[in-house]
There are 2 protein chains.
Amino acid sequence: MPESLDDLDRRIVSALARDGRRPYRDIARELGVSEGTVRSRMTRLQDEGLIRVTAVGSPLALGVGVVALILVRIRPGHVQDAAKRLTAFPNIRFVGTSFGSADITIQSLHRDVKDLHRFVSETLPSAIPEITSTETFQLAEVLKSTWTWGDWFEYVDNPAEEAHASDRETSISET
Amino acid sequence: MPESLDDLDRRIVSALARDGRRPYRDIARELGVSEGTVRSRMTRLQDEGLIRVTAVGSPLALGVGVVALILVRIRPGHVQDAAKRLTAFPNIRFVGTSFGSADITIQSLHRDVKDLHRFVSETLPSAIPEITSTETFQLAEVLKSTWTWGDWFEYVDNPAEEAHASDRETSISET
DNA sequence: AATGAAAACTTATTATT
DNA sequence: AATAATAAGTTTTCATT
């Protein structure tokens, strides 16, 4: 039963979102608690699957030529099953079911546009015959892709604010 | 000039994608190089903005009630400027310009559907008057959201493979 | 659930190739 | 660009509250 994060958890997560390798001891000093407290809370959050500390980076810098967003429509009654099968593709990084004119939205990585085209026109339809249509958006430039939480914690605590100082310095621009 | 990653860089990044807090010394032992080599390569990759080690987690577990994908169309000639202004919103986590029937795709976070609706119907149009239309997909369930690179490195090195063993155990399912 | 103490281990710096 | 040596700092374990 994954209970929500308390204020101390959030501060720890914010600190690690800024720098995932920052020593627990250092974070503990800043927050006025012991190193063990930071450690045990992070262990709990990771064990519960709520948080992971990981290397993230720009796909386009890591040898990925093409990043695409694909909207998928599925024969009624087969959405959940189709979504589950899409998660098995190594080049699909995101799979979500949705309300609206698409049943599933995915983000996929490709070496080049030829690879993307083959994927959409051949691989996907033959792997998931319940697909009734797809719509593909090849991304030209990723201007923001953020993993920090400080701004969100501020936003959710203070609904009035909009478009103030942003996370940009700690995000990776994936151009 | 960000040159691409060599094989050793990739192995280091893969290891840190699995566990971002794993000691450099431990990774170095596994890869048969010195700790300093792992450290200096990570320093370079981080300084060049190619890789970041960070805490990532399930938005829906962190107090985010609603995650949406929004496709945005913009008056011709204003796409780049509008995209840049969208990056300033703290509740927008992803901004990409794209080819296809949308000019910009964004991912946004909201407390509830009322907040999402206000954002789409009021906040966005008044902040970015060049928007000509939007299409919103409220995400119901995120089945995959992966940050590891091992599978991609395999995929890009071996085009024939499809839908084999996946990253799922190291991704966070954002239900 | 949080803490302090201590041994084991890692990091960050420096000099060397 | 990589390495070994080393002082300083961190992690991990455990007994205590």
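Letters A, B, ... are given to chains in the order of the sequence lines, protein chains preceding strands, and every chain is numbered from 1.
- Look at B:R85 and B:E130 and you find a salt bridge, because one of the NZ, NE, NH1 or NH2 atoms lies within 4.0 Å of a carboxylate O, short of that distance.
- Cation-pi geometry between A:R93 and B:W149 is met: under 6.0 angstrom from the ring centre, within 45 degrees of the axis.
- At a cut-off of 3.5 Å, with distance as the only test, no side-chain donor of B:S98 or A:Q138 sits close to an acceptor on the other residue.
- A salt bridge is defined here as a Lys NZ or Arg NE, NH1 or NH2 lying under 4.0 Å from an Asp or Glu carboxylate O, and A:D6 with A:R41 meets this definition.
- Between D:dT3 and B:T37, a contact under 4.0 Å exists linking OP1 or OP2 to a side-chain N or O.
- Terminal axes of the helix from C:dA1-D:dT17 to C:dT17-D:dA1 (five pairs each, C1' rotation axis) are separated by 40°, to the nearest 10°.
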Distances under 3.5 Å only, N/O to N/O: pair up the protein atoms with those of nucleotides 10-12 of chain D.
from, atom 1, to, atom 2, distance (Å)
D:dT10, OP2, A:R25, NH1, 3.2
D:dT10, OP2, A:R29, NH2, 3.4
D:dT11, OP1, B:R21, NH2, 3.2
D:dT11, OP2, A:Y24, N, 3.2
D:dT11, OP2, A:R25, N, 3.3
D:dT12, OP2, A:R39, NH1, 2.1
D:dT12, OP2, A:R39, NH2, 3.3

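- Of the charged side-chain nitrogens involved, at least one lies within less than 4.0 Å of a carboxylate oxygen, so that B:R22 and B:E30 count as a salt-bridged pair.
- The backbone N or O of B:V53 sits nowhere less than 3.5 Å from a side-chain atom of A:R21 that would complete a donor-acceptor pair.
- For the pair B:M42 CE and D:dA1 P, the computed distance is 16 Å after rounding to whole Å.
- B:D6 has its CG atom 10 Å from the P atom of D:dA1, to the nearest Å.
- Rounding to whole angstrom units, CG of residue B:D7 and C1' of D:dA1 are separated by 17 Å.
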B:T43 and B:S40: CA distance, side-chain angles, deciding distance, side chain to side chain donor-acceptor pair (under 3.5 Å) verdict: CA-CA 5 Å; B:T43 303; B:S40 66; over 6 Å; no
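- With hydrogens and angles ignored, the 3.5 Å screen pairs a side-chain donor or acceptor of B:K144 with a backbone N or O of A:T87.
- As rounded to whole Å, 15 Å separates atom C1' of D:dG9 from atom CD1 of A:I27.
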